[in-house]
Amino acid sequence: MAEEQQDRRTPKVSWRNPSLLFELSKPGRIGVELPPVGVEDASLEDLLPEEVRRGEVEGMPEVSEVDVLRHFSRLSRRNFAPDLGLYPLGSCTMKYNPRVNEELARLPGLAHSHPLQPESTVQGNLELCWALEQILIRLTGLERVSLQPAAGAQGEFAGILMAKAALNHRGEKRKYILIPDSAHGTNPASARFAGFDVKELLSNDRGTLDLADLEREMTEDVAALMLTVPNTLGVFENQILDIARIVHSKGGFLYCDGANFNAFVGKASPGAMGVDVLHMNLHKTFTTPHGGGGPGSGPVGVCSELVPFLPAPMVEKTAHGYRLDMDRPLSIGRVRTFNGQFGMLIRALAYILAMGGKGIRQVSENAVLNANYLRKALEGKYHLPYVSDSMHEVVFSDKNQAKHGVTTLDIAKRLMDYGFHPPTIYFPTIVSGALMIEPTETVAREDMDAFIEAMLAIAEEAETDPEMVRGAPYSTPVLRCDEARAARQPRLRWTPEAV
Ligand SMILES: *Cc1c(COP(=O)(O)O)cnc(C)c1O
């Protein structure tokens, strides 16, 4: 808390806020005590050759177990999480992760199994992968699904590599991938990584792909169209059958970014829409935890032409049980060690089985209902740049508030004072001052109403007291930061002088 805001009712207590573990360090203090071993001591120098030994780590904190525990518990209380409240971070689907998933992922037989164990000893694990694949095949309407990719972006990369391999196999070299301006940012990155050039397609007034533009750009030099469905405006590509027809007529593949499959899972089948390859984010649609960079899981499903190119190994069911099939001569190879993020696969399967077919359908129904409830309640006060029906998220802009000098960043910061995580801001980039709000289906009506009340109150404050809104937040452990400076002069290394 800034010095001037410190009043006498909140005394300054030094133990409350030691910000770094390094500051707690005392020479010689340790957090572990190992039992005596039954063999004679040997020095590290005798056991390990010089080149593999780590040198002294400078400034390594020396702390007790209590210090460590308290430090991280304290830090967790300064943060925000879906376990604390509404976290409407558009596109990220920060919904509640049911604890039963965690319980099952921690079963010792699953948690302690090792990926190098012989197949005969991990038949249950293999069956679990096989069962999850069968369900994802059913939900996507595609031919096979690889569970290997460790994130949505890696699923994209694997999917585009498979399209490329299939084209090579046909004896075709194609140069381009088409990507609409409303796509997720990882799409062009994946296309470039796979060695393609990207051509951007424009959206129409509805916020969907312009078919005339697609007709023009879709040539026999184009390997695939990467379509985010629903797109980042939260709008469904309602002409997807025509889109698929145009792409296929030139021999290209239709790639669907299904990271936000939660918007239509159980309701509509990507396979029936003409999609050839699609990735899903288990950590969005199927409630495996995410945030803080991982772990994620981005299974990728393909049509029959692409099956031979799937990453190896695949789990196969035989008359004698389950096995890992490495004999895949046309495969793009591995994209991840072992069989992907196995713990995430357990969680996703637990969630799907707990929900059942009807429950899964309800996931998308409620996600869409919540986003539209929010949209109706806010559209009078916040500017809606695209008026097409929303799916699982809704994108507003700061146009109405900017008249009073209050921008998207100010609104996002002020929301923190009301006890909510801000939505995704300034994305998608085709909306100036975007506020991309995704409540998800795990939010109850009362929480939705509280969020709406906060947003309306902020719109009111923007008119009556814009100066105050521009100074927000006032109640968080860290107040308004200079975000440009943090990006331009990051301080990533700890030194005693820095404290
Ligand atoms: C989240 C997301 C991705 C990227 O997924 P990661 O698991 O973060 O790599 C890709 N596309 C869309 C539409 C997304 O929402």
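Note that this is a predicted model, so its numbers are computed, not measured. First listed ligand is number 1; within each ligand, the first listed atom is number 1.
- Between F286 and Y351, the ring planes lie perpendicular to each other; the angle is over 60°, past the 30° to 60° tilted range.
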Assess whether side-chain hydrogen bond (donor to acceptor under 3.5 Å, both in side chains) is satisfied between E156 and N187, documenting all intermediate values.
CA-CA 7 Å; E156 290 169 30; N187 291 190; 3.2 Å; yes
Step-by-step salt bridge (charged side-chain N to carboxylate O under 4.0 Å, His left out) determination, D197 to K175:
CA-CA 6 Å; D197 286 339; K175 197 164 180 273; 3.2 Å; yes
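- Using a distance-only test at 3.5 Å, with no hydrogens or angles considered, no donor-acceptor pair links the side chain of E237 to the main chain of T208.
- Between the side chains of D449 and Y373, at least one donor-acceptor pair of N or O atoms lies under 3.5 Å.
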Between the protein and ligand 1, are there any N or O atom pairs that come within less than 3.5 Å of each other, and if so, what are their names and distances?
unit_1	atom_1	unit_2	atom_2	d
ligand 1	5 (O)	N281	ND2	3.0
ligand 1	7 (O)	G152	N	2.8
ligand 1	7 (O)	N281	ND2	3.4
ligand 1	7 (O)	H283	NE2	2.7
ligand 1	9 (O)	G152	N	3.3
ligand 1	9 (O)	A153	N	2.8
ligand 1	11 (N)	H184	ND1	3.4
ligand 1	11 (N)	D257	OD1	3.2
ligand 1	11 (N)	D257	OD2	2.6
ligand 1	15 (O)	S91	O	3.1
ligand 1	15 (O)	S91	OG	2.8
ligand 1	15 (O)	N260	ND2	3.2
ligand 1	15 (O)	K284	NZ	2.6

Derivation and outcome, side-chain hydrogen bond (donor to acceptor under 3.5 Å, both in side chains), residues N231 and T228
CA-CA 5 Å; N231 65 33; T228 302; over 6 Å; no
